[in-house]
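Order of listing sets the numbers, starting from 1, for every ligand and every atom in it. Since the structure is predicted, the reported quantities are computational estimates derived from the model, not experimental observations.
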Amino acid sequence: MLPLPRILLVSLFLLLTSAENTSFYFPFFTVRNLTLLGDSHLKNGGLIGLTREIGVPSSSSGSLIYENPIRFFDQESNITASFSTSFSFSISNLNPTSFGDGLTFFLSSDNLTLGSPGGYLGLVNSSQPTKARFLAVEFDSKLDTEFNDPNGNHVGLDINELDSIITADALLQNIDLKSGDLITAWIDYKNDLRVLNVFLSYSTVKPPTPLLSLEIDLSHYLKDDMFVGFSASTEGSTEVHLIYNWSFRTFGFLPVRSRSHPHNVSDSSVSAITGIPVSNSTKKHHKRFGLGLGIAGPAFFFVVLAVFGYVSVKKWKGMKVEKCLKAEILTGPREFSYKELYAATRGFHSSRIIGRGAFGNVYKAVFFSSGAIGAVKRSKHSHEGKTEFLAELSIIAGLRHKNLVQLQGWCAEKGELLLVYDFMPNGSLDKLLHPEPENGILLTWSHRQNIAIGLASVLAYLHQECEQQVIHRDIKTSNIMLDGNFNPRLGDFGLARLMDHDKSPVSTLTAGTMGYLAPEYLQYGKATEKTDVFSYGVVILEVACGRRPIERELNSQKMVNLVDWVWGLYGLGKIIEAADKRLNGAFKEQDMRKLLLVGLSCAHPDSAERPSIRRVLQILNNEADPIPVPKMKPSLTFSCSLTVEDLVSDDEESKTTA
Ligand SMILES: *[C@@H]1O[C@H](CO)[C@@H](O)[C@H](O)[C@H]1NC(C)=O
Ligand SMILES: *[C@@H]1O[C@H](CO)[C@@H](O)[C@H](O)[C@H]1NC(C)=O
Ligand SMILES: *[C@@H]1O[C@H](CO)[C@@H](O)[C@H](O)[C@H]1NC(C)=O
Ligand SMILES: *[C@@H]1O[C@H](CO)[C@@H](O)[C@H](O)[C@H]1NC(C)=O
Ligand SMILES: *[C@@H]1O[C@H](CO)[C@@H](O)[C@H](O)[C@H]1NC(C)=O
Ligand SMILES: *[C@@H]1O[C@H](CO)[C@@H](O)[C@H](O)[C@H]1NC(C)=O
Ligand SMILES: *[C@@H]1O[C@H](CO)[C@@H](O)[C@H](O)[C@H]1NC(C)=O
Ligand SMILES: *[C@@H]1O[C@H](CO)[C@@H](O)[C@H](O)[C@H]1NC(C)=O
């Protein structure tokens with residue numbers, strides 16, 4: 001049984017995907033949205049290697065497939081889509097005398113089986129060479145007489161078999177496919193003109209004339225939904241096949257609005273929304289894609305979600321699907337009535353306020369019927385607060401981890417949105433680390449170690465283990481709660497966004513808190529796993545040292561940055577002096593040193609040098625060796641690191657100023 005918000009999300013996606021033009025762009029690759037078969041693998045810097053990379057000759061094949069099938073034919077309008085793709089690749093040979101075989105861009109009805117190595121280009125199985133239905137443009141670096149190849153440097157079109165329908169010598173445009181240089185290819189099919197063109201260039205500017213051009217009607221082959229991707233193979237060679245980036249789109253489908261049978265959705269506000277073509281902005285320019293989704297996307301998305309939320313909640317009630325709701329009480333967050341929450345918080349009385357968040361107050365709630373205690377987060381009345389609230393709801397409802405603040409339920413009534421969480425008796429970590437004088441509790445060393453490990457564990461879950469990657473974006477000690485046993489519970493997902501690899505979360509910089517933000521986040525405003533790791537590093541330094549990330553020096557106006565301060569002591573060989581004085585040395589020196597060094601390595605100015613959170617967890621659990629930390633804090637150089645490309649790639653503004 002899915003929690004309600006998930007159902008909303010699912011129906012939303014269904015709404016937007018009917019007979020639309022498809023469009024996507026990978027400025028670099030992550031494992032998301034891709035199916036990798038065989039020897040293909042993700043490399044550092046977001047490249048995909050399609051075949052094995054070892055210095056000794058080997059036989060290998062691999063493919064990279066966009067995970068979703070793509071619609072090329074719209075039954076209702078009897079229209080076959082046109083398509084257009086471009087990608088950058090390189091083919092190099094670790095040993096120049098042992099080359100072959102090449103790579104392909106393909107459309108196939110199959111996303112499960114990988115073809116054989118060698119001349120089969122990873123596309124078809126050597127034992128059944130004509131089985132799969134496919135259409136491929138091959139970039140062939142080896143002469144295979146079996147398939148009537150003209151030479152070892154050609155481009156060809158293959159349909160359902162590897163004997164090309166047409167080939168062209170790449171040298172005609174002075175291109176050596178296996179030179180190892182970056183080559184960009186453009187493949188365009190225009191259904192109305194029945195023309196397929198393939199362009200090839202060493203530069204990223206499309207040349208005026210195609211290398212291969214052919215009049216052909218592909219509509220017969222594009223009847224079903226198909227998968228698109230790349231394949232490559234080697235056969236006793238050392239050839240390396242790399243894909244750097246990839247854009248693809250289909251176009252030509254009529255807008256949804258003008259279809260003869262519009263969606264029969266009962267609510268008029270919803271059917272009006274279907275008319276907004278979300279993919280429209282993608283047509284303008286690739287670079288706009290990320291930006292568009294980053295800003296307009298979420299806004300639009302949350303407005304729709306809000307409308308849907310209200311409509312669906314109302315409908316659900318009307319339909320009396322009590323069975324479903326009952327099941328949910330057992331398995332997930334449930335809906336509370338406003339009356340219930342009003343009573344439990346004594347009418348949201350100010351004496352019940354236990355926290356003030358970015359978008360509203362948090363109240364302690366005592367439910368008389370059950371005697372249970374909860375924390376109720378109540379949004380301010382602004383629209384912005386609402387969308388943030390819904391964001392938090394939709395994300396949190398699907399997450400389960402012992403170090404997360406668990407959502408018990410929600411309430412959307414009287415124009416208000418309320419979230420109900422487990423009550424955390426020990427409050428937030430910052431209050432315990434930096435207590436007011438009268439507050440006597442001191443976190444022991446074992447509490448602190450437990451907090452560091454619990455927090456790493458929940459971040460590893462959010463980054464790598466849950467269904468959709470979540471970047472928290474606002475990790476700080478005031479967002480970390482402590483339960484009755486002082487276990488850390490990460491909360492406040494108001495800022496988290498589901499990360500899609502190419503959806504730039506153009507950020508609201510005001511939202512985080514200065515001392516916890518990674519330098520590249522401050523500079524480019526893009527949150528990534530590595531910006532979360534940075535914040536985590538600052539938090540555990542704060543936990544070990546009992547000092548705030550930025551603190552005024554005693555008896556002076558000078559502000560001291562915690563990371564710099566610890567790094568300074570480390571440089572002097574006195575890192576242990578950074579330990580919280582209030583612990584009175586009640587810790588194992590070796591453990592304290594390890595925690596401090598993990599903190600420093602996470603807070604490395606260069607995001608590429610920071611460990612993954614999984615590695616951090618292994619180090620803290622003594623399952624991996626610590627990361628060496630330079631004695632001097634490295635100064636930040638953006639120029640040499642690949643991550644800069646990642647950071648600016650989908651943000652036009654920063655690209656021009658960077
Ligand atoms: C990637 O997958 C996510 C869901 O996992 C989806 O929301 C997003 O649209 C996909 N991105 C592309 C470019 O297909
Ligand atoms: C669909 O279009 C094709 C040409 O693109 C045409 O031959 C065929 O008759 C059409 N079918 C229908 C049902 O209109
Ligand atoms: C192949 O595509 C189907 C249909 O979209 C999908 O359910 C399945 O998970 C895909 N298989 C792989 C290996 O990606
Ligand atoms: C080719 O197909 C056969 C039989 O289906 C299978 O045993 C073999 O592993 C396949 N080869 C490759 C390279 O996929
Ligand atoms: C693809 O990657 C190459 C190499 O990193 C780069 O030169 C090129 O501009 C990129 N193209 C696009 C469209 O992102
Ligand atoms: C698909 O693309 C074409 C441009 O070729 C555009 O006219 C049409 O409106 C698009 N259809 C949808 C549903 O966005
Ligand atoms: C929409 O639904 C109504 C009632 O169920 C039905 O009478 C009508 O024909 C439907 N319209 C379309 C376009 O399917
Ligand atoms: C979408 O793009 C098409 C073609 O570029 C244009 O005619 C149409 O007005 C656009 N729609 C919106 C809502 O921008």
Atom indices of ligand 5 within 4.0 angstrom of N245 heavy atoms, with elements
1 (C), 2 (O), 3 (C), 8 (C), 10 (C), 11 (N), 12 (C), 14 (O)
Find all atoms of ligand 6 within a distance of less than 4.0 Å from any non-hydrogen atom belonging to N21, and give their numbers and elements.
1 (C), 2 (O), 3 (C), 8 (C), 10 (C), 11 (N), 12 (C), 14 (O)
Heavy-atom contacts under 4.0 Å between I65 and ligand 3: side chain, backbone, both, or neither?
neither
With heavy atoms of P69 as the reference, note each atom of ligand 3 found under 4.0 Å away.
5 (O)
Proximity flag L254 to ligand 6, non-hydrogen atoms under 4.0 Å:
yes
Would you call E53 and K43 a salt bridge, using N to O less than 4.0 angstrom?
yes
What pairs of residues pass the salt bridge (Lys or Arg N to Asp or Glu O under 4.0 Å) test when at least one of them lies in residues 202-215, not counting sequence neighbours?
D188-K206
Sub-4.0 Å atoms of ligand 3 with respect to non-hydrogen atoms of L112:
11 (N), 13 (C)
Of all the non-hydrogen atoms in the protein, which one sits nearest to atom 4 (C) of ligand 3, and at what distance?
F227 CZ, 4.1 Å
Let me see the working for F26 and L64 under side chain to side chain contact (heavy atoms under 4.5 Å, CB included), right down to the final yes or no.
CA-CA 13 Å; F26 294 97; L64 146 65; over 6 Å; no
Ranking L37, T35, N111 by closest non-hydrogen atom to atom 8 (C) of ligand 3, top hit is N111
Ligand 5 contact on T184 by region, counting heavy-atom pairs under 4.0 Å
neither
Is the shortest side-chain heavy-atom distance between L459 and Y461 below 4.5 Å?
no
Distance-only side-chain donor-acceptor flag, E239 / S141, under 3.5 Å:
yes
Salt bridge between E520 and R610, side-chain N to carboxylate O under 4.0 Å?
yes
Ligand 6 to F251 polar contact by distance, N or O atoms, under 3.5 Å:
no
Backbone of N151 reached by a side-chain donor or acceptor of H154 within 3.5 Å:
yes
Not counting sequence neighbours, which residues clear ring pair (Phe, Tyr, Trp, His ring centres under 6.0 Å) with F534? List them please.
none
Quick one about T35 and N111 (side-chain donor to acceptor, distance below 3.5 Å, no hydrogens or angles considered), yes or no?
no
Closest heavy-atom approach to atom 14 (O) of ligand 5 among F28, Y25, Y244, F89 is made by Y25
Please list, in number order, the atoms of ligand 5 under 4.0 Å from a heavy atom of S88.
1 (C)
The atoms of ligand 6 lying under 4.0 Å from a heavy atom of G252, numbered in the order shown, are 1 (C), 2 (O), 3 (C), 5 (O)
